[in-house]
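A short worksheet on the structure shown next.
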Amino acid sequence: MRSLTRDDVLHVAKLAKLDLTNEEVARFQRQLSKIVDYISQLSEIDTSSLEPTSQTTGLENVFRKDEVKPSSYTRNGYFVVNAILDKKS
Amino acid sequence: MDLPLTIKDTQDGLINKKFSAVELVDSYLARITKYNKELNIFLTVTENEAYKKAKEIDKILGYKDTKILSDNPLLGVTVAHKDLFLTKGVRTTAASNVLKDYVPTYSATVVDRLEKAGAIMLGKVNCDAWAHGSSGENSDFGATKNPWNTDYVPGGSSSGSATALSSNMSLISTGTDTCGSIRLPANFNYVVSLKPTYGAVSRYGVIAMASSLDSVGSMGHSVNDVKQVFDVIKGEDGFDSTVKNIIWQKEVKPKLRIGIPEEFFEEGPDREVKENIEKAVKVFEKTGIEFKKVKMPSTKYAISVYYIIQPAEVSSNLARYDGIRYGEKRSTFGDEAKRRIMLGSYVLSSGYYNEYYLNAMKVRTKIRKELDQVFEGVDVLIAPVAPTAAFKLGEKVNDPLKMYLTDIFAATANLAGIPSLAIPFNFSIRGLPLGFQLMGPRFSEYTLFALGEIFEKETDYKPKVAKL
């Protein structure tokens, strides 16, 4: 059984910026160990001749046409854009 | 009024003045007001927006324009959106406390397209938080109940989407499917659903779970309704670069061959589910469709591959919820979200990346290649959607691994990026819905629709909603 140690859980929680209580660390250690044990079954396959799949569309380098489009209008030498902060608190 | 259960009946009723759009909205909202507290389907009801749209529709109908339906193909169709779909100005929570007060500044492409086609949004529906779940029990706002029997789960993660239809609170709904999350709840609710090809429908504006697996789709009471919605939502939008317009193959081959994956029927499904699919096979055989047994030995690894790749992508996609720019802090995440973020971080971390994530991506290639080979000998595959009909609330929720294994028949379609149409058929001995899924090669949706319509015709299919 491929188990996770308490340190493994703390390390991973730190990487993921998750603040866990002691109870959570213990509970997740148990639950995640079971899952990691199950997914470890993949090590029995020979994958040496396989390329990894990152996505299934087969598309590469999807670009839009590099066309020059008119920019925002200007006033006094500044570009005019929509307000972002539009509510008074 | 007796609510129509198909788009055609709804639009016929509106055009022939049997009822107005406002009356439709009155009836749906009355049902939501009466039953939503117990069933917990809608998280946000957009009453004002729905009436505003309905009044506009009644006005347009008054002009008696013969082109009205071709310009607005979904005129008068009520829609419930899974709360993962961003809706401008309308609270979107992902069913998580992290976003409990979040109001988006733009709408998802799918939401916009349905709106422009004349659909009336009734509100946002419940789901497993962040789409993490197969039962509907992981919502931070309480589990949705199955209208067919409220002691049972509705299925997940698009629990509200399926139950909005089975409780007749909406005519159509949207959902997402990363490993069965559209097909499974639809299957547990006697509703038709489509998980489209990865790259057929834009994911823009849909809260991301696992970006190489997420598929945006819909549910309806008939194959034709799901097809009509697909026609509106599919295609390039300039925002999701995994979507490219293609020339759709709408001509269906005359002699179709359906494959029965041996591995899917060996141990997995229980006897009721299995025997029901054998009945479905006989229905298709009567029309001259040929069936062949096919072997897909790599499918036994599908769940392991999925539960490495998906949490890895989840840990990345949920990193944006830092509680600084929007939303609550990260400790507000529920248990399942925390588990998946940690699992993902683990399989991507230094020392484990090659053994887990890279390896899983390679096995994913193996599964895809096997599937490509199978599709040289058959046109479509038939399979169960879930190992059993709906199970009881609380039955699997304390055993994450047991819950994950519910997805065993769903994973293949997402890993390979292929479409699947899930069709309801019969009920279990306990009165819970049963059904099956038809999977085809990428972009074969119209072949799946054609088969679905043949099946509906042969079984004299009628939409059914639960008695509440």
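Keep in mind it's a predicted model, so treat the numbers as computed, not measured. Naming convention: chains lettered A, B, ... in sequence-line order (proteins, then strands); numbering from 1 in each chain.
- Distance alone, capped at 3.5 Å, is enough to place a donor-acceptor pair between the Thr365(B) side chain and the Glu51(A) backbone.
- A salt bridge does not link Asp19(A) with Lys329(B): every distance from a Lys NZ or Arg NE/NH1/NH2 to an Asp or Glu carboxylate oxygen is 4.0 Å or more.
- Within the 4.5 Å cutoff, no side-chain heavy atoms of Tyr346(B) are placed close to those of Leu32(A).
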Please lay out, stage by stage, how Ile45(A) and Lys362(B) fare under the test side-chain contact (heavy atoms from CB on, under 4.5 Å).
CA-CA 10 Å; Ile45(A) 310 172; Lys362(B) 291 180 175 182; over 6 Å; no

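- With salt bridges taken as basic N to acidic carboxylate O contacts below 4.0 Å, none links Lys17(A) and Asp322(B).
- Interatomic distance, Leu20(A) CG to Ser331(B) OG, rounded to the nearest 0.5 Å: 10.0 Å.
- In terms of heavy-atom proximity, Ser345(B) sits nearest to Val12(A) at CB-CG1, 3.9 Å.
- Neither side chain, Thr56(A) nor Arg368(B), offers a donor N or O lying under 3.5 Å from an acceptor on the other.
- Proximity to chain B involves both the backbone and the side chain of Leu42(A), based on heavy atoms less than 4.5 angstrom apart.
- Using a 4.5 Å cut-off between heavy atoms, Tyr306(B) does not touch chain A at all.
- Looking at heavy atoms from C-beta onward, Ser54(A) lies in side-chain contact with Met361(B) at the 4.5 angstrom threshold.
- Only the side chain of Arg442(B) comes within less than 4.5 Å of a heavy atom in chain A; its backbone stays farther off.
- Within the 4.5 angstrom heavy-atom criterion, atoms from both the backbone and the side chain of Val305(B) approach chain A.
- With a 4.5 Å cut-off on non-hydrogen atoms, Phe28(A) touches chain B through its side chain but not through its backbone.
- Residues Thr47(A) and Lys366(B) fail the side-chain proximity criterion, which asks for heavy atoms closer than 4.5 Å.
- The two residues Ser241(B) and Val62(A) come nearest to each other via the heavy atoms O-CG2, 3.6 Å.
- Between Leu50(A) and Arg364(B), the closest side-chain pair of non-hydrogen atoms is not below 4.5 Å.
- At a 4.5 Å heavy-atom cutoff, the contact between Ala416(B) and chain A is made by backbone atoms alone.
- With a 4.5 angstrom heavy-atom cutoff, Leu405(B) touches chain A only via side-chain atoms.
- Between Asp399(B) and Lys34(A) there is a side-chain heavy-atom pair separated by less than 4.5 Å.
- Of the atoms belonging to Leu348(B), not a single heavy atom falls under 4.5 Å from chain A.
- Using a 4.0 Å cut-off between a side-chain N of Lys or Arg and a carboxylate O of Asp or Glu, Lys338(B) and Glu24(A) qualify as a salt bridge.
- Side chain to side chain, Ser212(B) and Gln55(A) fail the donor-acceptor criterion of an N or O pair below 3.5 Å.
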